[in-house]
2 protein chains.
Amino acid sequence: MDQRNATNRPGAKHVALLAGVSTATVSRALNSPGAVDPATLQRVRDAVAQLRYVPHGAARSLRSQRSRMVGAIVPSFDYALYAKTTSALQQHLSAQGYSVVLAEHHYDLEQELHVARQLVEHGVDAFMLVGIDHDPRLFDLLDEHRRPFVLTWGVDTTGRHPYIGFDNRAAAQEVARHVISLGHERIGIVSAPVEGNDRGRERLAGFRAAIAQAGLKEPQVEHARIALHDAAAAMKKLLARKPRPTAVLATNDVLAVGAMMACRAAGISIPDDVAITGIDNTDLGATQTPGLTSVRTPIVEIGEAAAEQLVALIEGRGEARSRVMEFELVVRDSARRRLRRKDG
Amino acid sequence: MDQRNATNRPGAKHVALLAGVSTATVSRALNSPGAVDPATLQRVRDAVAQLRYVPHGAARSLRSQRSRMVGAIVPSFDYALYAKTTSALQQHLSAQGYSVVLAEHHYDLEQELHVARQLVEHGVDAFMLVGIDHDPRLFDLLDEHRRPFVLTWGVDTTGRHPYIGFDNRAAAQEVARHVISLGHERIGIVSAPVEGNDRGRERLAGFRAAIAQAGLKEPQVEHARIALHDAAAAMKKLLARKPRPTAVLATNDVLAVGAMMACRAAGISIPDDVAITGIDNTDLGATQTPGLTSVRTPIVEIGEAAAEQLVALIEGRGEARSRVMEFELVVRDSARRRLRRKDG
DNA sequence: TTGTACGCGTTATCAC
DNA sequence: GTGATAACGCGTACAA
């Protein structure tokens with residue numbers, strides 16, 4: 001008999017036949033090689049190799065209630081931020097035989113719920129989500145379907161859900177303090193939209209806190225979508241103000257670079273006329289002229305830790321353990337000590 | 001009866017019971033609503049909503065030999081290039097109920113074969129691959145398992161496999177000619193590794209062809225991994241040469257920006273002392289000072305077209321149709337007409 | 001239009 | 001250590 005099944009794929013049956021064992025043994029040889037006699041194990045392995053047998057994932061999932069797939073739901077893959085986290089996740093999972101199923105929601109929590117449902121249906125075992133704030137129905141969904149998950153890129157101060165991230169507010173506060181320590185007093189802010197974006201909200205709050213603590217007056221805040229041209233437009237508004245801010249804080253590097261573009265277009269010198277800072281320490285910012293002062297955030301580390309955590313949860317070893325990671329101010333030349341001028 | 005199955009998930013059975021129909025009708029209501037009486041259809045839908053029934057993907061896949069998942073195997077998610085293509089793919093597939101399973105191979109074709117096997121096992125229906133060159137065993141694998149696929153980011157001149165891409169060689173040739181037309185004669189090249197990387201190889205060939213056609217002398221070529229610091233190191237070598245090249249072509253924007261970093265570190269002015277160009281027209285390059293002259297490549301369009309093509313192939317409508325897309329020279333300030341100098 | 005009954009390919013549960 | 005057998009949850013002939 002050399003018949004194949006409908007898909008023309010050799011199945012465990014064929015391997016069993018060729019190795020002279022039962023399908024049960026084939027399954028054991030693949031999944032718990034320790035529990036099978038070395039000699040038969042070898043025969044099975046030979047048969048597998050000869051037939052180039054590839055187990056049928058769907059059948060395995062159906063039977064074992066485990067798909068060995070992890071869902072990664074991120075806001076966006078633009079600008080390499082979450083893409084890098086996902087990449088780290090993927091590499092670590094792939095090494096353990098898991099695959100990553102991707103979804104983006106473009107900062108729309110309704111959409112996030114929708115794609116999460118799609119992934120649950122596709123049978124992913126666990127989820128990496130970005131941020132702390134999500135539609136309550138999303139948590140219900142995951143709960144109902146017993147899907148472990150980990151929130152990333154933030155800290156859940158309510159302690160309700162497991163997370164792996166860092167304190168966005170503190171990170172923002174740290175750059176802001178740095179800028180203030182350089183003598184800046186009129187500060188503008190370019191902020192990402194904060195709706196459904198706790199990272200952005202926390203960062204903005206961190207800026208505000210530092211400014212308030214220093215006793216400076218309320219900053220002007222311009223919101224922009226996370227795109228260079230939107231950020232440039234927001235910066236233009238800040239620059240139109242008289243007197244102009246001497247420093248502009250952006251809630252991330254992309255916005256900061258957009259702000260830099262606006263300055264260049266307007267012939268305004270960085271950092272002499274205006275200081276600019278970002279957050280996340282991306283290559284985009286680091287390679288600007290002048291280099292963007294920023295905060296290094298644990299972009300890659302988050303993905304690695306998430307992979308480790310999720311596999312542990314899926315395989316039933318260990319509890320969900322939240323982790324707070326470090327960040328680090330990276331000083332470059334886009335923000336310097338404020339020059340006293342006639343307009344200052 | 002309110003029993004649930006092992007996973008505590010309501011199944012088609014439960015829906016059927018609640019709606020007062022058979023599981024067959026439930027299945028039909030979901031998959032071919034036209035073939036079911038409007039009244040019963042409504043009852044089924046109500047039951048589905050009430051129980052928050054989510055079909056079991058693995059069971060469905062097992063039965064229908066279709067997982068509604070597409071594999072995206074890309075070299076890397078760093079630098080937002082392939083991430084953007086994948087993002088476009090994902091968005092278009094998600095809208096049609098498909099999900100994307102991600103894998104990276106970091107320019108290792110052996111690793112690519114390995115992850116492809118993993119994805120076949122996980123049951124993905126079709127593949128988007130990047131580039132034209134792959135391990136022959138990869139094509140065998142896909143063929144054996146009847147998995148449709150499309151190659152991207154290049155043109156398969158042998159016509160053996162379907163592709164959606166652009167002519168990398170011509171793109172490179174176009175920037176090179178532009179630079180030559182500016183009067184540059186001593187040209188250096190920073191190239192990505194070409195092993196297992198047909199895009200890089202074609203681009204390098206395009207540079208060489210343009211230089212040869214112009215009757216200029218052989219360029220010095222330095223290879224660097226696609227990372228800023230490696231590119232900077234390669235550039236340093238080019239700059240050490242006496243006489244120095246007056247223009248340096250990079251096979252992509254990341255390498256070009258790395259080259260810019262080296263110039264800045266060495267106090268060499270762009271474009272007065274040396275002209276630099278990239279390919280791919282990324283934000284990274286566009287936001288440099290001076291802005292990087294580059295070639296816009298159809299990064300997003302490739303992903304969209306791949307999604308469309310793959311769904312068509314999976315659903316059995318239409319043949320694989322290869323597509324050649326356009327690119328476009330984007331002139332900025334990193335390359336200008338060559339200044340005659342004492343050393344020229 | 002709807003229901004009955006079987007099978008997709010694998011793994012878990014028993015015996016042996 | 002190994003084999004027979006019964007599920008896993010759904011889709012689809014076929015019959016009604």
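Below, chain A is the first sequence line, B the second, and so on; all start at residue 1.
- Put simply, NE2 on B:His14 is 9 Å from P on D:dG9, counting in whole angstrom units.
- In this structure, CG of B:Asn31 is placed 17 Å from P of D:dG9, rounded to the nearest angstrom.
- Annotation: side chain of B:Glu121 is in contact with side chain of A:Arg60 (closest heavy-atom distance under 4.5 Å).
- Between A:Ser27 and B:Leu62, the one whose closest nucleotide on DNA chain C sits nearer the 5' end is B:Leu62.
- For the pair B:Glu121 CD and C:dG9 C1', the computed distance is 13 Å after rounding to whole Å.
- In this entry the distance linking CZ of A:Arg28 with P of D:dT2 reads 8 Å, nearest Å.
- When the side-chain nitrogen and oxygen atoms of A:Arg60 are compared with OP1 and OP2 of C:dT11, one or more of them lie within a distance under 4.0 Å.
- In this structure, B:Ala24 reaches the bases: a heavy-atom distance under 4.0 Å links it to at least one base atom across the strands shown.
- Distance CZ (A:Arg66) to P (C:dA12): 9 Å, rounded to an integer number of Å.
- Taking only side-chain nitrogens and oxygens, B:Thr40 comes nearer than 4.0 Å to OP1 or OP2 of C:dT2.
- Look at A:Thr25 and you'll find a side-chain N or O under 4.0 angstrom from OP1 or OP2 of D:dG3.
- Separating the CZ atom of A:Arg43 from the C1' atom of D:dT2 is a distance of 11 Å, rounded to the nearest angstrom.
- Under a cut-off of 6.0 angstrom, the local environment of CD in A:Glu315 is crowded, with over 12 non-hydrogen atoms contributed by other residues, nucleotides or ligands.
- Within the 4.5 Å cutoff, no side-chain heavy atoms of A:Met69 are placed close to those of A:Ser61.
- Within 4.0 Å of B:Val26, counting heavy atoms only, lies no atom of the nucleic acid at all.
- If you take CG of B:Leu30 and P of D:dC10, they are 9 Å apart, rounded to a whole angstrom.
- Regarding B:Tyr53, its OH atom lies at a distance of 10 Å from the P atom of D:dG9, rounded to whole Å.
- For the pair B:Thr23 and B:Ala35, nearest-nucleotide mapping onto DNA chain C gives the more 5' position to B:Ala35.
- Side chain to side chain, B:Thr86 and B:Gln90 fail the donor-acceptor criterion of an N or O pair below 3.5 Å.
- The base of C:dA12 does not come close enough to the side chain of A:Arg63 for any donor and acceptor atom to sit less than 3.5 Å apart.
- For A:Ala12, the side-chain atoms get nearest to C:dT10 when compared with the rest of C:dT10, C:dT11, D:dT2.
- In this structure, the ring of B:His134 has its center less than 6.0 angstrom from the ring center of B:Phe139.
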